[in-house]
Q: 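Please see the structure below; I have some questions.
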Amino acid sequence: MARGFVLGAVAALVALALCAYVGIEAGIVPANADARPSKLERWMARASLRATLDREAQKGDNPLPLSDENLVAGIRLYGENCAVCHGGAGAQPSKIARGLYQHPPQLAKDGVEDDPDGITYWKIEHGIRLTGMPSFGKTLDERQIWQVTLFLKHMDALPPEPQRVWKSLKS
């Protein structure tokens, strides 16, 4: 009886995998960027991201001091690399951001100030699969990634000079 149960379970898994393969090859699973993702796709992406962040993100605070110099450097790097998708101080999405799948958060209104520094650093360094968020680990050095992280952590309470630079940023 146990042998029949195991064989039945294996056959069901093989049938499920075959159906998934045929569905993908037949184009039943949408590949277009303007299609709404399925519940299964959203669950897989979120669950995988949470587990990866729990396992890989650094613990602890940003090693850079909170200074106008580091904040302004982070704002400028954000402007060069991030604002096209995540917007500037006005939180208005660009034409590129409106066409992305998933829609990137406009960080001036959907900020990440409450996220631990290591989580934000990891997302910048590695990107996020299935979202359009690229990896900057090969284009920005460690200090630059920490500067962007520092800015994002404090973007809702910037000192006067960094605030002026932030407000002048074009998205």
Q: How many angstroms lie between atom SG of Cys82 and atom CD1 of Ile124, to the nearest 0.5 angstrom?
A: 6.5 Å

Q: Kindly state each residue pair satisfying side chain to side chain donor-acceptor pair (under 3.5 Å) with at least one member in residues 108-120, sequence neighbours excluded.
A: none

Q: More than 12 heavy atoms of other residues, nucleotides or ligands under 6.0 Å from NZ of Lys59: yes or no?
A: yes

Q: Quick one: closest heavy-atom pair of Ala89 and Ala108, and the distance?
A: O-CB, 3.5 Å

Q: Could you tell me the separation between the CG atom of Leu16 and the OH atom of Tyr21, rounded to the nearest 0.5 Å?
A: 15.5 Å

Q: Look at the side chain of His86 and the backbone N and O of Pro105, then say whether any donor-acceptor pair between them is shorter than 3.5 Å.
A: yes

Q: Answer whether the closest heavy-atom distance between the side chains of Tyr121 and Glu142 falls below 4.5 Å.
A: yes

Q: Is it true that atom CZ of Arg98 has more than 12 heavy atoms of other residues, nucleotides or ligands lying nearer than 6.0 Å?
A: yes

Q: Quick one: list whatever passes side chain to side chain contact (heavy atoms under 4.5 Å, CB included) with Arg55, sequence neighbours left out.
A: Thr52

Q: Sub-3.5 Å donor-acceptor pair from the side chain of Gln106 to the main-chain atoms of Cys85, do we have one?
A: yes

Q: Locate the shortest heavy-atom distance separating Pro37 from Arg42; write the atom from each residue and the value.
A: O-NH1, 2.5 Å

Q: Report yes or no: does Glu56 contribute a side-chain atom to a donor-acceptor pair with the main-chain N or O of Leu53 at less than 3.5 Å?
A: no

Q: Measuring only between side-chain heavy atoms, which start at C-beta, is Trp122 closer than 4.5 Å to Ile119?
A: no

Q: To the nearest 0.5 Å, what is the distance between NZ (Lys153) and CG (Leu71)?
A: 13.0 Å

Q: How many angstroms lie between NE2 in His154 and CG in Asn70, if you round to the nearest 0.5 Å?
A: 10.5 Å

Q: Over all heavy atoms of both residues, which pair between Trp146 and Asn62 is shortest? Give the atoms and the distance, please.
A: O-ND2, 3.0 Å

Q: Could you give the distance from CG (Leu152) to CD (Gln147), rounded to the nearest 0.5 Å?
A: 12.0 Å

Q: Quick check: is Leu158 connected to Leu66 through a chain of hydrophobic side chains (ILVMFWY, heavy atoms under 4.5 Å apart)?
A: yes

Q: By salt bridge (charged side-chain N to carboxylate O under 4.0 Å, His left out), which residues pair with Arg164, not counting sequence neighbours?
A: Glu161

Q: If Ile, Leu, Val, Met, Phe, Trp and Tyr residues are connected whenever their side-chain heavy atoms lie under 4.5 Å apart, and connections chain through other members, are Trp43 and Leu130 in the same group?
A: no

Q: Taking atom CD1 of Ile145 and atom NZ of Lys123, what is their separation to the nearest 0.5 Å?
A: 14.5 Å

Q: Identify the heavy atoms of Leu150 and Pro65 that sit nearest to each other, and give their distance.
A: CD2-O, 3.5 Å

Q: Indicate the atoms forming the closest heavy-atom contact of Gly118 with Ala57, along with that distance.
A: O-CB, 3.7 Å

Q: Is a side-chain N or O of Asn81 found less than 3.5 angstrom from the main chain of Leu77, in a donor-acceptor match?
A: yes

Q: Are Leu169 and Arg76 packed together at the side-chain level, in the sense that at least one heavy-atom pair is separated by less than 4.5 angstrom?
A: no

Q: State plainly whether one hydrophobic cluster holds both Val14 and Val22, where clusters connect Ile, Leu, Val, Met, Phe, Trp and Tyr through side-chain heavy atoms under 4.5 angstrom apart.
A: no

Q: Considering residues, nucleotides and ligands other than Glu41, do more than 12 of their heavy atoms fall under 6.0 Å from its CD?
A: yes

Q: Is it true that a side-chain atom of Tyr78 and a backbone atom of Gly87 form a donor plus acceptor pair closer than 3.5 Å?
A: yes

Q: Given side chains that start at C-beta, do those of Trp166 and Met155 come closer than 4.5 Å, heavy atoms only?
A: yes

Q: Heavy atoms only: give me the nearest Leu140-Gln144 pair and the separation to one decimal.
A: CA-OE1, 3.3 Å

Q: Looking only at atom types and distance, does a side-chain atom of Ser168 sit under 3.5 Å from a main-chain N or O of Val165, one as donor and one as acceptor?
A: yes

